[in-house]
Amino acid sequence: MILPILHYPDKRLRKIAEEVEVFDDSISVLVDDMFETMYQAPGIGLAATQINQHKRIIVIDISEQQNEPICLINPVITEKIGKTESEEGCLSVPDYVESIKRFESIKVDAMNQKGENFEMDASDLLSICIQHEVDHLNGILFVDHLSKLKQGRLIKKTKKSGKEL
Ligand code: GNR
Ligand code: NI
């Protein structure tokens with residue numbers, strides 16, 4: 001099922017997601033719905049927060065063919081190496097892209113849909129995407145990393161478009 005995506009400045013995007021402790025069918029259904037929603041958008045990642053489910057679940061697929069799904073549950077970034085800067089967008093902040101500084105490479109501890117632990121190394125776009133999604137789980141949007149000047153301009157643009165702040 002395709003689920004509606006919350007849009008900035010919706011306050012529900014600011015909630016801190018809770019760890020998944022029980023890996024039952026409802027989690028599998030949620031993960032499947034998140035992939036469907038992400039692919040349809042289309043996006044390269046989606047955090048449960050964006051569909052108003054405040055659980056620490058991320059889905060990602062950075063492949064061209066949309067055939068390399070990655071699901072991270074309870075992800076924790078355990079190592080952060082180097083610096084990089086690139087253009088980011090977000091399904092929750094439509095029609096807005098800006099350059100954001102991130103760590104270049106990271107190590108992540110996470111669980112799969114069965115609740116099994118695994119570790120992964122990520123660099124480049126995958127690393128950026130994971131950092132972007134983990135931010136969502138903590139109620140942080142990519143625009144929070146911008147200067148106050150740019151944030152002010154975004155607020156103005158958002159108000160103009162008729163959205164409540
Ligand atoms: O689809 C997305 N593209 C993207 C591009 C650069 C950096 C991060 C992203 S994630 C975004 C989908 C999204 O909003 N995930 O939360
Ligand atoms: Ni996003």
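Position 1 is the first residue of the sequence, and the numbers go up from there. Order of listing sets the numbers, starting from 1, for every ligand and every atom in it.
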Go through D33 and I2 one step at a time and tell me if the side chain to side chain contact (heavy atoms under 4.5 Å, CB included) criterion holds.
CA-CA 6 Å; D33 288 346; I2 291 161; over 6 Å; no

What verdict does the side chain to side chain contact (heavy atoms under 4.5 Å, CB included) test give for I155 and Y8, after you've listed the backbone C-alpha separation in whole Å, the side-chain angles of each residue and the deciding distance to 0.1 Å?
CA-CA 10 Å; I155 288 166; Y8 171 88; 3.4 Å; yes

K150 vs E98, test: side chain to side chain contact (heavy atoms under 4.5 Å, CB included). Steps then yes/no.
CA-CA 9 Å; K150 282 182 176 168; E98 268 295 348; 3.3 Å; yes

Would you sort out whether L91 and Q50 count as a side chain to side chain contact (heavy atoms under 4.5 Å, CB included), showing the intermediate values?
CA-CA 8 Å; L91 296 171; Q50 293 177 276; 4.0 Å; yes

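Neighbouring protein atoms of the Ni ion (ligand 2) (N, O or S, distance under 2.8 Å, waters ignored): C90 SG, H132 NE2, H136 NE2.
At a heavy-atom cutoff of 4.0 Å, ligand 1 is contacted by the side chain of H132 but not by its backbone. Proximity of E87 to ligand 1, defined as any heavy-atom pair under 4.0 Å, is confined to the backbone N, CA, C and O atoms.
With respect to atom 1 (O) of ligand 1, the closest heavy atom belonging to the protein is I44 N, 3.0 Å. The closest protein non-hydrogen atom to atom 14 (O) of ligand 1 is L91 N, 2.8 Å. What sits closest to atom 7 (C) of ligand 1 on the protein, heavy atoms only, is E88 CG, 3.4 Å. At the top of the distance list for atom 12 (C) of ligand 1, counting protein heavy atoms only, stands G45 O, 3.2 Å.
Note on I44 and Y96: separate hydrophobic clusters, where clusters join Ile, Leu, Val, Met, Phe, Trp and Tyr whose side-chain heavy atoms are under 4.5 Å apart, directly or indirectly. I62 and I100 fall into different hydrophobic clusters, where Ile, Leu, Val, Met, Phe, Trp and Tyr residues are linked whenever their side-chain heavy atoms come under 4.5 Å apart, directly or through other members.
At least one N or O atom of Q50 sits closer than 3.5 Å to an N or O atom of ligand 1. By the 3.5 Å distance cut-off applied to N or O atoms, C129 is not counted among the residues near ligand 1. Of the polar atoms of P42, none of the N or O atoms is found under 3.5 Å from an N or O of ligand 1, judged by distance alone.
For the residue pair T49 and Q53, no side-chain donor N or O sits within less than 3.5 Å of a side-chain acceptor on the partner. Checking R56 against N138 by side-chain atom types alone, a donor-acceptor pair falls below 3.5 Å.
When the options G89, P94, G43, A41 are ranked by their closest heavy atom to atom 11 (C) of ligand 1, first place goes to G89. Of the listed residues (H136, Q131, E133), the one carrying the non-hydrogen atom nearest atom 10 (S) of ligand 1 is E133.
For the side chain to side chain contact (heavy atoms under 4.5 Å, CB included) test, residues two or more places apart in sequence or in another chain that qualify with N52 are L6, R12, H54.
The CE atom of M34 sits 10.0 Å away from atom CD1 of I5, with the distance rounded to the nearest 0.5 Å.
Using the six-membered ring where Trp is involved, H132 and H136 have ring planes that are perpendicular, over 60° apart on the 30 and 60° scheme.
Against a heavy-atom cut-off of under 4.0 Å, C90 is close to the following atoms of ligand 1: 14 (O).
Counting only distance, with no hydrogens or angles, the side chain of D109 and the backbone of V76 share no donor-acceptor pair below 3.5 Å.
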